[in-house]
Amino acid sequence: MAFQSPSPQPSIFKKKAHGSTPNSTPALSLSSSATSSSSETVLDDLGLDYDNGLSYPRVPPTSEQVFTTVHSEFGHCANEKYRYTSQHRAGTQYKSYPEQDPPYYILLTTYLSYLMVICLGHLRDFVGKRLQPSHYRHLVSQHGYAALNSDFDSFYTRRLKTRIDDCFSHPVTGVPGRTMVLLDRYSPDYNVTMVPSGTRTRGLNISSYNYLGFAQARGGCADAVETSINRYGVSACGSRLEGATLDLHQQAEALVARFVGMEDALISSMGFATNSTIIPALVGKGSLVISDEFNHASIRFGVRISGANVRTFKHNDMPSLEALLREVISQGQPKTHRPWKKILVIVEGLFSMEGTLANLPVIMELKKKYKFNLFVDEAHSIGALGPHGRGVADYFGVNPRQIDILMGTFTKSFGAAGGYIAGSKALIDRLRVHGHSGCYAEAMTPPVLTQVIASTASIMGISSAPEKSSSLSLTARSDAINPELEMEAYPGRAPLSILPAWMPITPSMADGTDGKMRLRRLGFNARYLNRGLRKLGFITYGHDDSPVVPLLLFNPGKMAVFSRLMRTRQVPIIVVVVAYPATPLVTSRVRFCLSASHTKEDVDLVLTACDEIGDLLDLKQGSGERWSLQEITDRAVELVGMPELV
Amino acid sequence: MSASVSSLEPLFTFVSNSYSNIETSFFKIPGSAVIARYVKSSHRDDPGRTLLEVILIIFAIRTLLQSRTKAEPSGKHFIEFSEKEIDELVDEWTPEELAQPLTAVEQSDLNAVPVIAGPVGPKPKLTNGKTVLNLASYNFAGLAGNAEIKERCIDILKKYGLGSCGPPGFYGTQDVHIQLEQDIADFLGTEAAIIYSQAFSTISSVIPAFCKRGDVIVADRGVNFAIQKGLQISRCTIRWYDHSDMASLEKVLESVEKERRKKKMPLTRRFIVTEGIFDHDGAMSDLPKLVELKLKYKYRLILDESVSFGSVGRTGRGLTELYNVPASQVDMLVGSMANGLTSAGGFCAGSHTVVKHQRINAPSVVFSAALPALLAAAASEGINIMRNTPSILSMLQENVRAVRAILDKVDCIAIPSHPASAIIHINVRSSSTVMPIAPMSPTSPISPASPMSPLSPSTAKLSNPVSVRQRGAPHFDMEAEERLLQEVVEDTLAQGVMVTRAKRLHGQEMIEVRPSIRLAISAAMSRKDCEKAANVLKASCIKVLSKRR
Ligand SMILES: Cc1ncc(COP(=O)(O)O)c(C=O)c1O
């Protein structure tokens with residue numbers, strides 16, 4: 001096993017020796033340290049912005065601390081106070097923040113603005129079709145072809161979305177880490193076409209699904225991927241069952257199974273396809289799927305293809321789920337009233353638009369009573385929640401083996417791509433053979449597999465295995481459950497023996513400090529922003545520990561303004577705004593995705609920006625006690641530490 | 001008259017009474033007077049405004065109602081139960097096992113899947129330590145392990161990291177993606193292209209992006225599984241024509257048009273969906289004829305080139321290059337970067353309108369993270385290499401010919417694949433039937449396929465276009481043939497050549513496909529090795545299949 005030391009000091013950072021003012025983060029780089037060159041950690045290829053804190057830490061470093069990350073990718077934050085372990089407090093009930101309705105005038109103006117753009121849109125279509133028929137030609141039948149996209153079907157896109165199209169599909173370059181570089185563009189024709197202007201803007205990135213900050217071009221994972229490209233090339237060249245199974249697939253699957261605490265796991269090359277191609281192998285005619293109303297499109301795709309019946313229940317509403325269960329079990333299949341063959345309840349661990357968590361403790365109780373099978377999509381929660389980063393089950397302290405199927409994706413917390421399904425060995429083997437992806441879809445590529453392995457190992461830490469088991473490394477098969485490997489219980493470390501022997505491992509990966517630090521920084525950031533925004537008076541949805549923070553804007557017009565104001569600040573902030581049809585019509589929102597790579601100053605920056613823009617756009621409609629911005633940033637640690645927000 | 005008025009009198013009084021009741025109770029509500037005054041004055045000032053407000057209120061109520069999740073009406077079959085009865089029913093209900101264990105055969109097939117330790121290429125090393133000749137992996141142009149591609153990928157890795165961490169709509173679109181889309185469009189000669197992050201999920205998203213309920217799709221009976229899923233999810237009206245049979249296609253197009261005229265149905269979108277080289281058997285579509293028919297009947301053509309892109313044509317552009325048909329004639333040209341460029345993902349090339357539409361309507365673009373930057377760069381580099389080195393494709397064709405020259409002579413097998421196809425399917429030749437199994441006899445790619453004579457058997461007994469099943473399709477013993485072929489595969493592997501059965505999902509494919517061994521020929525293999533591998537396979541086939549008789 002090649003241990004690679006990036007610097008003589010093995011730890012990522014050393015504790016500060018001399019005291020400095022509390023709460024100020026001495027964000028440090030190595031520029032004054034003799035151990036490494038400064039360009040390593042504060043590098044900025046583009047030579048952009050030197051004074052706004054994005055590429056260089058604001059506070060000059062001392063020589064006491066060692067950072068191995070690039071500040072613009074993964075911020076330097078040495079203050080151990082800015083850490084928090086996300087975990088459900090045993091004995092309490094799960095509660096997400098109560099949904100608040102805005103004042104009626106906000107609702108009214110929201111409807112009014114939709115009505116206005118709709119009326120205007122129809123008016124423009126009416127006039128336009130008569131005065132400029134050439135512009136509408138592709139929307140109506142011509143030459144015997146029906147329109148590919150009729151004027152009616154495309155109305156929403158043409159007349160509503162186009163108005164704010166500058167907020168979507170913005171091209172970027174570089175690492176989608178703590179900061180990101182936007183490729184600036186402008187539109188000469190009201191967003192119909194976008195023209196690149198050739199300039200670039202680096203902004204604070206609070207939009208990417210980079211929860212643990214593994215989107216890095218430098219560091220342990222990137223080194224591992226580089227080694228793997230040299231060794232394996234870029235493709236596995238085919239589908240898993242048709243000769244494209246690599247030893248790397250088996251190693252990654254074995255590792256992921258251990259990570260999530262299941263007997264076995266299966267990896268697929270796309271997260272969306274994990275749902276859309278595997279669910280049909282689980283349920284079919286005569287089965288029933290009970291699905292949360294806000295479940296992801298990939299789940300709905302898979303369920304629709306499977307041919308199973310579907311019922312939905314109100315988002316996260318447990319009484320409604322129970323009532324539905326009682327109804328469907330007692331009624332049986334439609335018409336025939338035969339009992340259902342299987343009932344599969346599908347929920348997401350962390351809902352990506354709402355920031356709510358699945359109410360797992362209650363669902364587990366219902367499961368015991370009603371005997372249904374449970375499928376939890378942990379696309380957003382895996383890595384991002386729980387004291388060990390093992391997702392919602394870890395967060396709530398539920399034994400994962402009591403859940404039938406755990407699904408997740410690697411696109412988020414792991415900085416990779418693709419997805420997994422974990423469950424019992426019999427189940428997973430069945431899905432390997434009967435899922436669509438085994439036969440037909442391309443296998444995951446070696447660089448991506450390596451990123452998965454390296455990042456997972458980094459979260460888990462690596463147990464220095466006894467000498468004899470390291471010989472297993474090449475032949476370790478996922479189906480050979482070695483009692484020796486089973487020794488370390490969930491949530492244990494990754495056994496060295498199931499990792500690829502050639503993979504470079506940094507000391508901080510090996511001892512698990514890197515993973516721990518990421519988890520705890522994310523925990524702090526998530527809780528800080530959630531609570532900070534509420535204390536400022538905003539209406540947000542979701543749970544305190546959720547790294548996805550939706551801030552409600554309501555009016556569609558405010559979406560574009562919010563996004564533009566954030567983007568054009570002195571320190572630009574890159575945010576995602578979402579509206580109908582991804583959300584209900586009235587609840588347009590901006591969605592922040594926090595990352596372990598953000599520092600406390602970064603969150604302060606977001607809070608400051610929200611505070612200013614919130615006043616401008618009249619967004620502070622929430623109830624509850626308010627604090628001033630200054631108070632929030634000063635008392636951040638206290639705010640995060642409070643058991644419950646009053 | 002007066003009698004009727006007097007009999008209606010109670011009604012009038014009731015109405016006027018209840019009206020005044022409502023009015024008084026309305027005015028009891030605080031603030032109601034303001035509303036009443038507002039409505040009155042606004043109506044007097046501007047009747048149009050009242051209308052607008054009424055519309056607004058209706059609109060508001062409607063959306064409020066819509067946002068509630070509608071419980072499916074249980075309808076007339078609903079049975080009332082008491083709570084106790086429900087409890088009993090809940091106690092009684094025992095679900096099936098979520099997953100039945102695999103059968104012994106399935107398990108042994110799964111265990112027999114070879115595992116490669118290290119890089120994939122013409123001669124990979126397996127985990128059992130053996131180095132084998134590889135006729136299984138999709139590496140047509142031999143780009144796997146290419147040094148330039150590796151170098152470029154590492155370059156990109158050092159600038160972009162690995163994951164894109166977001167869907168294309170939300171900052172997941174990186175400049176390398178834009179570059180790749182441009183490269184694909186330029187390479188094929190279309191206006192634009194869009195990339196998807198998995199090849200298999202490409203066409204099953206492209207189809208539902210365009211084809212909605214009420215639209216008509218005419219599809220080949222032999223289309224691959226991904227297309228079948230796309231058709232299933234689109235919920236359009238589907239008509240089938242016989243596999244690779246252009247005469248049958250024309251008949252179906254004719255009948256659809258006749259039906260539309262007869263029922264006076266409005267013009268809807270119509271599509272022909274087929275493959276360039278079929279994944280199921282390696283047969284090739286007659287593209288010029290397809291284009292001719294689609295223009296004649298005013299259909300749009302969705303062509304899946306997942307196998308043919310990167311494997312046929314002078315520089316690997318696929319069927320359009322082979323037949324010299326401008327790619328712009330194909331409305332949606334779908335291809336695979338995973339197969340054709342040994343990277344990952346898929347693409348759909350077409351006009352600006354077609355591509356733009358998919359960016360917001362294709363489920364697996366909108367709801368899935370973008371392709372990792374370095375894989376996009378690998379695909380771009382792959383296109384570059386193919387464009388600049390036409391010798392790759394001639395080498396590939398030479399290898400295909402070399403393998404075919406050996407296998408075509410074996411009696412106990414039948415090859416339905418086109419002679420130019422870089423994937424070669426091998427069926428067991430039925431001892432009873434002498435006729436070749438291929439529905440379409442292979443034709444040279446240059447001369448257009450000979451038109452089916454009007455008296456060919458398929459015309460005499462036309463299959464029903466509504467059903468996917470073909471009339472008079474050959475019968476075969478699925479299980480027995482699969483076992484035989486698996487035996488061949490394992491015997492071949494023991495001799496140091498890796499081949500694979502074409503793995504299919506029985507019971508999920510719309511029509512059961514005849515079992516086959518699927519070879520994928522690579523330009524990276526020397527001709528000598530190709531011949532060696534083919535001879536090993538030939539020997540195994542003869543050994544295993546002749547035993548049977
Ligand atoms: C709940 C859920 N499942 C699946 C996916 C699809 O994952 P991927 O982006 O890896 O295709 C997502 C992505 O947004 C998701 O939120």
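Every chain is numbered from 1 and lettered A, B, ... according to where its sequence line falls, protein lines coming before strand lines.
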Problem set entry | Contacting region of B:Ser336 [heavy-atom separation from chain A under 4.5 Å] |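 Contact with chain A is absent: no heavy atom of B:Ser336 under 4.5 Å.
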Exercise. Any side-chain heavy atom of B:Val120 sitting closer than 4.5 Å to one from A:Leu246?
Worked result: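 Yes, close enough: below the 4.5 Å cut-off.
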Exercise. Ignoring hydrogens and geometry, is there a side-chain-to-backbone donor-acceptor pair from B:Gln198 to A:Ala441 under 3.5 Å?
Worked result: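 Such a contact is absent between B:Gln198 side chain and A:Ala441 backbone.
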For this session: Might you work through the side chain to side chain contact (heavy atoms under 4.5 Å, CB included) test for B:Thr173 and A:Val172, ending with a clear yes or no?
Result: CA-CA 6 Å; B:Thr173 310; A:Val172 301; over 6 Å; no
Problem set entry | Interchain contact, A:Cys593 with chain B, by part (heavy-atom threshold 4.5 Å) |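 Interface part for A:Cys593: neither.
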Exercise. Given a strict heavy-atom distance threshold of 4.5 Å, which part of B:Arg235 is in contact with chain A: side chain, backbone, both, or neither?
Worked result: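 Side chain only.
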Exercise. Looking at A:Val578, A:Leu108, A:Leu115, which makes the most heavy-atom pairs under 4.5 Å with chain B?
Worked result: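 Highest number of heavy-atom pairs under 4.5 Å: A:Leu115.
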Exercise. B:Glu509 versus chain A, heavy atoms under 4.5 Å apart: side chain, backbone, both or neither?
Worked result: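 Side chain only.
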Problem set entry | Nearest atoms (heavy-atom pairs only) where B:Gly163 meets A:Pro176 |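 Reported closest heavy-atom pair: O-CG, 3.7 Å.
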Exercise. Would A:His434 and B:Gln508 count as having a side-chain donor-acceptor pair, cut-off 3.5 Å?
Worked result: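 Side-chain D/A pair, A:His434 to B:Gln508: absent.
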Problem set entry | Contact leader toward chain A among B:Lys356, B:Gln232, B:Glu88, B:His177, where contacts are heavy-atom pairs under 4.5 Å |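 Looking at each of B:Lys356, B:Gln232, B:Glu88, B:His177 in turn, B:Gln232 comes out on top.
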For this session: Go through A:Gly233, A:Cys237, A:Ala217, A:Gly238 and name the one with the most non-hydrogen pairs under 4.5 angstrom from chain B.
Result: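 Result: the option with the highest number of such pairs is A:Cys237.
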Exercise. Looking at side-chain heavy atoms only, is the closest gap between B:Pro167 and A:Tyr209 below 4.5 Å?
Worked result: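 B:Pro167 reaches A:Tyr209 side chain to side chain.
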For this session: Grab the two heavy atoms, one from A:Lys369 and one from B:Val90, that are nearest each other, plus how far apart they are.
Result: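 Taking A:Lys369 first and B:Val90 second, the nearest heavy atoms are O-CG1, 3.8 Å.
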Problem set entry | Segment of B:Ser137 engaging chain A (4.5 angstrom heavy-atom cut-off) |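 Contact with chain A: backbone and side chain both.
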Problem set entry | Flag, side chain of A:Arg432 to backbone of B:Leu110, donor-acceptor distance under 3.5 Å |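 No: the side chain of A:Arg432 does not pair with the backbone of B:Leu110.
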Exercise. Side chains of A:Ser239 and B:Tyr138: donor-acceptor distance under 3.5 Å anywhere?
Worked result: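 Side chains of A:Ser239 and B:Tyr138: no pair found under 3.5 Å.
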Exercise. Is there side-chain contact between B:Ile233 and A:Ile305, with heavy atoms separated by less than 4.5 Å?
Worked result: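 Yes, at least one pair of side-chain atoms sits under 4.5 Å.
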Problem set entry | Nearest non-hydrogen partners of B:Thr342 and A:Val234, listed with the distance |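 Closest approach of B:Thr342 to A:Val234: O-CG2, 3.8 Å.
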Problem set entry | Short side-chain to backbone donor-acceptor contact, A:Arg430 and B:Ala99, under 3.5 Å |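 Between the backbone of B:Ala99 and the side chain of A:Arg430 there is no qualifying donor-acceptor contact (under 3.5 Å).
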Problem set entry | Residue B:Glu151 excluded, over 12 heavy atoms near CD under 6.0 Å |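 Incorrect, the count does not exceed 12.
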Problem set entry | Atom pair CD1/CD of A:Ile343 and B:Glu96 - distance to nearest 0.5 Å |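 If we round to the nearest 0.5 Å, A:Ile343:CD1 and B:Glu96:CD are 12.0 Å apart.
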Exercise. Heavy atoms, side chains only, cut-off 4.5 Å: are A:Pro447 and B:Leu374 in contact?
Worked result: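 A side-chain contact under 4.5 Å exists here.
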Exercise. Between B:Ala344, B:Ala144, B:Pro208, B:Pro363, which shows the greatest number of heavy-atom pairs under 4.5 Å with chain A?
Worked result: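 Most pairs with chain A among the choices: B:Pro363.
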Exercise. Which one, A:Val586, A:Val448, A:Leu182, leads in non-hydrogen pairs under 4.5 Å with chain B?
Worked result: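 The answer is A:Val448.
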Exercise. Is there a donor-acceptor pair under 3.5 Å between the side chain of A:Glu442 and the backbone N or O of B:Gly345?
Worked result: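 Side chain of A:Glu442 to backbone of B:Gly345, a donor-acceptor pair under 3.5 Å: yes, one is there.
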For this session: Can you tell which part of B:Ala373 gets under 4.5 Å to a heavy atom of chain A, answering side chain, backbone, both or neither?
Result: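 It is neither, since no heavy atom gets under 4.5 Å.
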Exercise. Among B:Asp91, B:Asp175, B:Thr94, which has the most heavy-atom pairs under 4.5 Å with chain A?
Worked result: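 Top option by heavy-atom pairs under 4.5 Å: B:Asp175.
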For this session: Just give me the residue among B:Phe367, B:Tyr297, B:Tyr171, B:Phe81 that pairs up with chain A most often, heavy atom to heavy atom, under 4.5 Å.
Result: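 Highest number of heavy-atom pairs under 4.5 Å: B:Tyr171.
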For this session: Could you look at B:Gln100 and say if it's the side chain, the backbone, both or neither that has a heavy atom under 4.5 Å from chain A?
Result: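 Contact with chain A: backbone and side chain both.
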For this session: Determine, for A:Arg326 against B:Glu83, whether the closest basic-nitrogen to carboxylate-oxygen distance falls under 4.0 angstrom.
Result: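 Looking at B:Glu83 together with A:Arg326, the answer is yes, because their closest N to O distance falls below 4.0 Å.
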Exercise. Does A:Lys341 reach the main-chain N or O of B:Glu97 with its side chain, forming a donor-acceptor pair under 3.5 Å?
Worked result: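 Flag not set: sc A:Lys341 to bb B:Glu97 has no pair under 3.5 Å.
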Problem set entry | side chain to side chain contact (heavy atoms under 4.5 Å, CB included) between B:Gln174 and A:Thr173, worked out | CA-CA 5 Å; B:Gln174 293 169 319; A:Thr173 184; 5.9 Å; no
For this session: Please flag which part of B:Ile360 lies under 4.5 Å from any non-hydrogen atom of chain A: side chain, backbone, both or neither.
Result: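 The answer is the side chain of B:Ile360.
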Exercise. Do you know which two heavy atoms are closest between B:Leu89 and A:Ile329, and how far apart they sit?
Worked result: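 Minimum heavy-atom contact is O-CG2, 4.1 Å.
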For this session: Could you check if a side-chain atom of B:Tyr299 sits within less than 4.5 angstrom of a side-chain atom of A:Tyr145, using non-hydrogen atoms only?
Result: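 No, side chains not in contact.
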Exercise. How about A:Pro171 and B:Ile178: do any of their side-chain heavy atoms sit closer than 4.5 Å?
Worked result: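 Yes - at least one pair of side-chain heavy atoms lies under 4.5 Å apart.
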For this session: Could you have a look at A:Gly415, A:Ala222, A:Pro334 and say which one has the most heavy-atom pairs with chain B under 4.5 angstrom?
Result: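 That would be A:Gly415.
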Problem set entry | B:Trp93 side chain to A:Trp340 backbone, donor-acceptor under 3.5 Å |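 Yes, B:Trp93 side chain to A:Trp340 backbone: donor-acceptor pair under 3.5 Å.
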Problem set entry | Top contributor to chain B contacts, counting heavy-atom pairs under 4.5 Å, from A:Leu148, A:Ile118, A:Val225 |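 Among A:Leu148, A:Ile118, A:Val225, the one with the most close pairs to chain B is A:Leu148.
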For this session: Salt-bridge test for A:Glu242 and B:Arg501: reply yes if a basic N is under 4.0 Å from a carboxylate O, no otherwise.
Result: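 No.
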Exercise. Quick one: does B:Lys150's side chain get under 4.5 Å of A:Glu226's, heavy atoms only?
Worked result: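 B:Lys150 vs A:Glu226: side chains apart.
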Exercise. Any side-chain heavy atom of A:Arg231 within less than 4.5 Å of one from B:Pro119?
Worked result: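 No - every pair of side-chain heavy atoms lies 4.5 Å or more apart.
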For this session: Could you tell me which of B:Lys212, B:Glu85, B:Glu92, B:Arg300 has the largest number of non-hydrogen atom pairs under 4.5 Å with chain A?
Result: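 The candidate making the most pairs under 4.5 Å is B:Arg300.
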For this session: Find the one option among A:Ser424, A:Ser320, A:Pro446, A:Ala297 whose heavy-atom pairs under 4.5 Å with chain B are most numerous.
Result: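 Top option by heavy-atom pairs under 4.5 Å: A:Ala297.
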For this session: Look up atom CZ in A:Phe414 and atom SG in B:Cys165, then write down how far apart they are to the nearest 0.5 Å.
Result: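 Between atom CZ of A:Phe414 and atom SG of B:Cys165 there are 11.5 Å.
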Problem set entry | Verdict with supporting geometry, A:Val175 and B:Lys159, side chain to side chain contact (heavy atoms under 4.5 Å, CB included) | CA-CA 7 Å; A:Val175 181; B:Lys159 289 201 188 98; over 6 Å; no
Problem set entry | Check: A:Lys342 side chain, B:Pro95 main-chain N or O, donor-acceptor pair, under 3.5 Å |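 Side chain of A:Lys342 to backbone of B:Pro95: no pair is present.
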Problem set entry | Residue B:Leu505 versus chain A: region with a heavy atom under 4.5 Å |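 Both the backbone and the side chain of B:Leu505 come within 4.5 Å of chain A.
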Exercise. Chain A: which of B:Pro101, B:Ala378, B:Pro372, B:Ala199 shares the most heavy-atom pairs with it under 4.5 Å?
Worked result: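 Going by pairs under 4.5 Å, I would pick B:Ala199.
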Problem set entry | Contact origin within B:Met337 toward chain A - heavy atom pairs under 4.5 Å |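 Nothing of B:Met337, per the 4.5 Å heavy-atom cut-off to chain A.
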For this session: Side chain from CB out, backbone as N, CA, C, O: work out which of these in B:Ser197 comes under 4.5 Å of a heavy atom of chain A, or both, or neither.
Result: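 Both backbone and side chain of B:Ser197 come within 4.5 Å of chain A.
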For this session: Quick one: pull up CG in B:Leu341 and OG in A:Ser235 and give me the separation to the nearest 0.5 Å.
Result: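 Result: 10.0 Å between the selected atoms.
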For this session: Might you point out which heavy atoms bring B:Tyr160 and A:Gly174 nearest each other, and give the distance in Å?
Result: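 Smallest heavy-atom distance, with atoms named: CE2-N, 3.2 Å.
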For this session: Apply ring-ring contact (aromatic ring centres under 6.0 Å, His included) to the pair B:Phe225 and A:Tyr440, showing each step before the final yes or no.
Result: CA-CA 8 Å; B:Phe225 194 75; A:Tyr440 304 106; 4.5 Å; yes
For this session: Compare every heavy atom of A:Ala416 with every heavy atom of B:Leu162, then report the nearest pair and how far apart it is.
Result: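 What the structure gives for the nearest pair is CD2-CA, 3.6 Å.
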